[in-house]
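Side chains are part of it too, since the values below use all heavy atoms of this structure and drop only hydrogens, waters and symmetry mates. Just so it is clear: chains get the letters A, B, ... in the order the sequence lines come, proteins before strands, and each one is counted from 1.
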Number of protein chains: 4
Amino acid sequence: MEHRPGRPRRADVDAAVRAATVRLVREQGYAGTTLDQIARAAAVAKTTVYRRWDSKAELVLDALVEVLGEPPLPTHGDELRDTVGWLAGRISDPAAHGLLVGLVGEAVGNPSVRTALRHRIRQPFEDRLVAAWDADPTAVDLAFDVVVGSLLHHAALSGGIDPATVDAVTDAALRLLAPAG
Amino acid sequence: MEHRPGRPRRADVDAAVRAATVRLVREQGYAGTTLDQIARAAAVAKTTVYRRWDSKAELVLDALVEVLGEPPLPTHGDELRDTVGWLAGRISDPAAHGLLVGLVGEAVGNPSVRTALRHRIRQPFEDRLVAAWDADPTAVDLAFDVVVGSLLHHAALSGGIDPATVDAVTDAALRLLAPAG
Amino acid sequence: MEHRPGRPRRADVDAAVRAATVRLVREQGYAGTTLDQIARAAAVAKTTVYRRWDSKAELVLDALVEVLGEPPLPTHGDELRDTVGWLAGRISDPAAHGLLVGLVGEAVGNPSVRTALRHRIRQPFEDRLVAAWDADPTAVDLAFDVVVGSLLHHAALSGGIDPATVDAVTDAALRLLAPAG
Amino acid sequence: MEHRPGRPRRADVDAAVRAATVRLVREQGYAGTTLDQIARAAAVAKTTVYRRWDSKAELVLDALVEVLGEPPLPTHGDELRDTVGWLAGRISDPAAHGLLVGLVGEAVGNPSVRTALRHRIRQPFEDRLVAAWDADPTAVDLAFDVVVGSLLHHAALSGGIDPATVDAVTDAALRLLAPAG
DNA sequence: TCCTAACCGAGACGGTACGTCTTGTCTTGTT
DNA sequence: AACAAGACAAGACGTACCGTCTCGGTTAGGA
C-alpha cells in the first residue's frame, strides 16, 4: 500500500464534482455553466476543483468518460450489433450527450480537447471492435462518428432521442462496418 | 422604391462582417471569437454589428445560412441523391462546419438558437425533399441529422472531411430515406 | 473646447470612487479594503474603476492627492510656519493619514509607488518652500518626513492626533529648517 | 528545568524563521511576502510556523522585537541622548524599518496589531526613560513617534537613512523631552 | 519495551481578493 | 437614422494568498 506525503485528498470530492458537472451542464449547457456554480453545487471550494482538473474542459471530459463507462467485453454469442448498440444507448443518455455537445464545440480551436476526445472516448471503442472482430479501423472511426454525431445532433435539434432513432442509427452504422452483409 | 428617413445603411457592411465572422470562427472556434475581434476585422464599430444582429449567435447563424446557400431546385432527371449529396458537400466546407459546431453547442440551454437552427437550416432542406419526392418528414429529419451530425463530428475529431467520407455518409442517409431500396 | 471621440466618461464617477476609497480605507485599512467594495460603494462596476486607475495603489494615491489639496501660495506677511503648519494640519485629517499609512507600507518593495509618493506628495510641498523662502531642499525633505512621519506614526499607534501634537511637531520641523533661529 | 510531555520543539526553528522573515520582508515588503516563502526559505513546514506564531503579523512583530533588542540600561554618566540615540540607531537598521513599516500599515484596521506594537515596542522604551529620568510619559510617547515615524518615513521615501539624518532627528526628539534646555 | 503526547513535513482545503476579459447596452459627436 | 468610438454594468475566469486541517512519521519521557 502506497502513501504519498501530505494530507490525502478527500475521497468523495471527485464524485461530487463530477455529479454536479453532469447535472448543471445538462441543464444549462457547457458555456452556460460556471465553475463557481459547479463548486457551490458540490459543496467544495473553487480552488479544490482547479487542483484536480486543469480546466473546465478537462473536468467535463472526465465527467463524460465516467458517464459513458467502458464498452462491454464481447462474450460468446455477441455480435457486432451488441457493441455498436451499446454505444448508441450510452449516447442517448441525456447526461452523456449534454456533456459531449459542449466538448465537441470546444474541440474546435482547442487542439488538446480534440486530442483528448479522440484518445479517451473514441479510441477505447475502436480498440474493442478491432480486437474482437478484426474490424477496419477507418471504418470503425466513421461508424463511431455516425452513431455519436447523428444522435448528438438529433438531441441538440429535437430535444431528445427516442428508441426508434437509436435503432435506425445503429443499423446505419452497422452497414458501414459490414458493407458486404 | 421605399426610402426610410435618415442616413441609409452602408451596403457593404453585412458582407464584411459575415466574412470576418466566418474566418475568425473557423480559426478560433465559436467561444474563442470575440465580437470586438469581428468588428475590428470588418473595420466596423461594434454598435454597427449589434444594430444589424441581436446577438453573437444570430450573427453566426446568419453567416452560416449564407455560407450554406439554398438547396438546389430539383430538375428533370435529378434524383434524391443529388439533394442529399449537395447537403453533405456543403457541410464538408470548413466554413460551414466551423460555424455550425459552435451553434449546436450553443443550442443546448438556449432554446432560441435551437429553434432558429431548426427553422433556418433544417426546414428548407426538408421542405425541398418533401415537395419533390413526397418524402416522410420524420425520415428526412433523421437523414438530415445523420448527414450533418456525422460530418460535423468527423470534422471536429479528425480535423477535416475527405470525399470518401462524404460519399459513405450520403449513402447511409439515403438508405434511411428509401428503406425498401 | 476639445472633444475626444466616443462616449464621454461619466463626470461624477471619479469623485464618487475617490470618496468611497477614502471612507473605506479609513475604516478598514489599505489591505483590508477590496476594490469590489469600493466599486459597490461608489455604485460603479469594477471595470470602470480599472479603466481610470491602473491599480489599487494608483487609486489610493490619487484619492490622497485630492484629500491633501495644494499647499497654499504664500502671501504677504506669511511665515514659514504657515506652510509647515498647513501640512501638519492636512496630515492630521483622518482621511489623509488613513490613506497615507497604507501607501507608505506599499512603497516598500513597490518602487513605482515610492516614486509616485515622492513626486506627487513631497515634491509640491518642497517646491513651494524653496520658491518662497529659498530653503535648503535637503532640509525641507527632512522637515517633511518629520511632520508626516511623526504624525502618521502617532495616529497609527495612538488612534488619533490632537492639536497639541500638531503644534509640537510643527515646532520641531521648523527648528530643522531654521537652525540658527 | 521544566519538561512538557511529548516531542520537544526543534530549538533552531525560531531563529531560522525569524531570519527568513527579516530578509524576505526587507526585500519584498510586508504584503509582498508570503508565509509559504518564509517557510520554504527557513526549510520548515508552514504548519510549524503557525504552531509557534498565530499569524503573519505576530511573526513579523516578533522578528522585529528581536531585531531591535532591548533598550540599554542607563549607567552612570549616561544622558537622555544616549537612549534616544540608541533608538534612532536601531530604527535606521534596514532590517528594523523594513519590518516596522509593514506592521504600522497593518495596525490600521487591525486593533490587535496596534496594541501589540504599543506594548511590545513603544512601552519598553518609555518605561526605561521614565524610570531613569522621570520623564513625562506623554512627551516620551511623542518623542518616540517623532524618532520612529520620521526615520520610517524617510527610509520609505528616500530608500535609506544616513547618519546625519539620525542625528538631526535625535536632536529634534530631545528638544521635545527637555523643552527648557 | 511499550505507551503517550506533542512535534514535524507535506500538502489538501475553504474562503476570498486580485486584475483581466467578454457580452450587450448606452451615450457622445459626426455624416 | 446610421455610424465610429469608446464608456459602462454585470459577472466569469484562473491565480494567489491566508490560516486551518489531516495525514504518516518522529522523538522525547514515563510506565
Side-chain angles (χ1 to χ4, degrees), chain A residues 1-11 13 31-40 43-56, chain B residues 3-10 13 31-37 39-40 43-58, chain C residues 1-11 13 31-40 43-56, chain D residues 3-10 13 31-37 39-40 43-58:
Chain A
M1 195 63 176
E2 183 201 7
H3 275 293
R4 289 187 311 173
R7 173 176 175 176
R9 295 189 169 183
R10 273 178 54 191
V13 165
T33 301
T34 297
L35 257 169
D36 279 285
Q37 290 177 337
I38 292 174
R40 207 177 320 124
V44 144
K46 191 168 56 159
T47 33
T48 298
V49 177
Y50 276 107
R51 192 176 303 110
R52 294 168 183 237
W53 294 275
D54 283 342
S55 66
K56 191 169 141 182
Chain B
H3 275 294
R4 289 189 305 178
R7 173 176 173 176
R9 293 191 170 182
R10 273 177 54 190
V13 165
T33 301
T34 298
L35 255 170
D36 281 280
Q37 289 178 337
R40 206 177 322 124
V44 143
K46 195 168 56 158
T47 357
T48 300
V49 177
Y50 274 106
R51 193 176 301 109
R52 294 166 186 238
W53 295 276
D54 283 343
S55 67
K56 186 173 153 182
E58 291 263 357
Chain C
M1 192 62 175
E2 181 202 7
H3 274 294
R4 289 188 313 174
R7 173 176 176 175
R9 294 189 171 183
R10 274 179 52 191
V13 164
T33 300
T34 297
L35 256 169
D36 279 283
Q37 289 178 337
I38 292 174
R40 207 177 320 125
V44 143
K46 192 168 53 160
T47 32
T48 298
V49 177
Y50 275 107
R51 193 177 302 110
R52 294 168 184 238
W53 294 276
D54 282 344
S55 66
K56 191 169 141 182
Chain D
H3 275 293
R4 291 189 305 176
R7 173 177 174 175
R9 294 189 171 182
R10 274 178 53 190
V13 165
T33 301
T34 297
L35 254 170
D36 282 280
Q37 290 178 336
R40 207 177 320 125
V44 143
K46 196 168 54 158
T47 356
T48 299
V49 177
Y50 274 106
R51 192 176 302 110
R52 295 166 185 238
W53 294 275
D54 282 344
S55 66
K56 186 173 151 182
E58 291 267 355

Nucleotide by nucleotide, 5' to 3', does protein get under 4.0 Å of the base (B), only the sugar-phosphate (S), or neither (-) in nucleotides 26-31 of chain E, counting heavy atoms? BBBS-B
Considering all heavy atoms of both residues, which atom of C:A39 and which atom of C:A45 are nearest to each other, and what is their separation?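 Nearest pair, atom of C:A39 first, then C:A45: CB-C, 4.1 Å.
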How would you label the contact of [X] with the nucleic acid (heavy atoms, under 4.0 Å): base, sugar-phosphate, or nothing?
X     : value
C:R51 : base
D:A43 : sugar-phosphate
D:K56 : sugar-phosphate
B:D36 : base

Are OP1 or OP2 of F:dA16 and a side-chain N or O of D:T34 less than 4.0 angstrom apart?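 The answer is no; no side-chain N or O of D:T34 sits under 4.0 Å from OP1 or OP2.
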OP1, OP2 of F:dA4 versus side-chain N and O of B:R10: anything below 4.0 Å?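 Answer yes for this pair, as a side-chain N or O of B:R10 is under 4.0 Å from OP1 or OP2.
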Write down the distance between [atom1] ([X]) and [atom2] ([N]), rounded to a whole number of angstrom.
X     : N      : atom1 : atom2 : answer
A:I38 : F:dG14 : CD1   : C1'   : 14 Å
B:W53 : F:dA2  : CH2   : P     : 14 Å
B:Q37 : E:dG24 : CD    : C1'   : 16 Å
A:R40 : E:dG14 : CZ    : C1'   : 14 Å

So if I take every side-chain heavy atom of B:Y50 and compare against E:dT23, E:dA10, F:dC18, which nucleotide ends up nearest?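 Taking heavy atoms from C-beta onward, the closest nucleotide is E:dT23.
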Contacts of D:R40 that satisfy side chain to side chain donor-acceptor pair (under 3.5 Å) - sequence neighbours left out: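 Per chain and number, D:R40 pairs via side chain to side chain donor-acceptor pair (under 3.5 Å) with no residue.
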Donor/acceptor link under 3.5 angstrom from D:K46 side chain onto base of F:dG19: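 Yes, a donor-acceptor pair under 3.5 Å.
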Taking for each residue the nucleotide of DNA chain E bearing the nearest heavy atom, is the 5' side occupied by D:R52 or by C:L35?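 The residue whose closest nucleotide sits nearer the 5' end is D:R52.
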First encountered from the 5' end of DNA chain E, between C:D54 and B:A31: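 Its nearest nucleotide being more 5', the pick is C:D54.
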Between the main-chain N or O of C:T34 and the side-chain N or O of C:K56, is there a donor-acceptor pair closer than 3.5 Å?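 No: the side chain of C:K56 does not pair with the backbone of C:T34.
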C:R10 CZ to C:R52 CZ distance, which is reported to the nearest 0.5 Å: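 Between atom CZ of C:R10 and atom CZ of C:R52 there are 8.0 Å.
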Once rounded to the nearest 0.5 Å, what's the spacing between atom NZ of D:K46 and atom CG of D:D36?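 Answer for the NZ-CG pair, D:K46 versus D:D36, is 4.5 Å.
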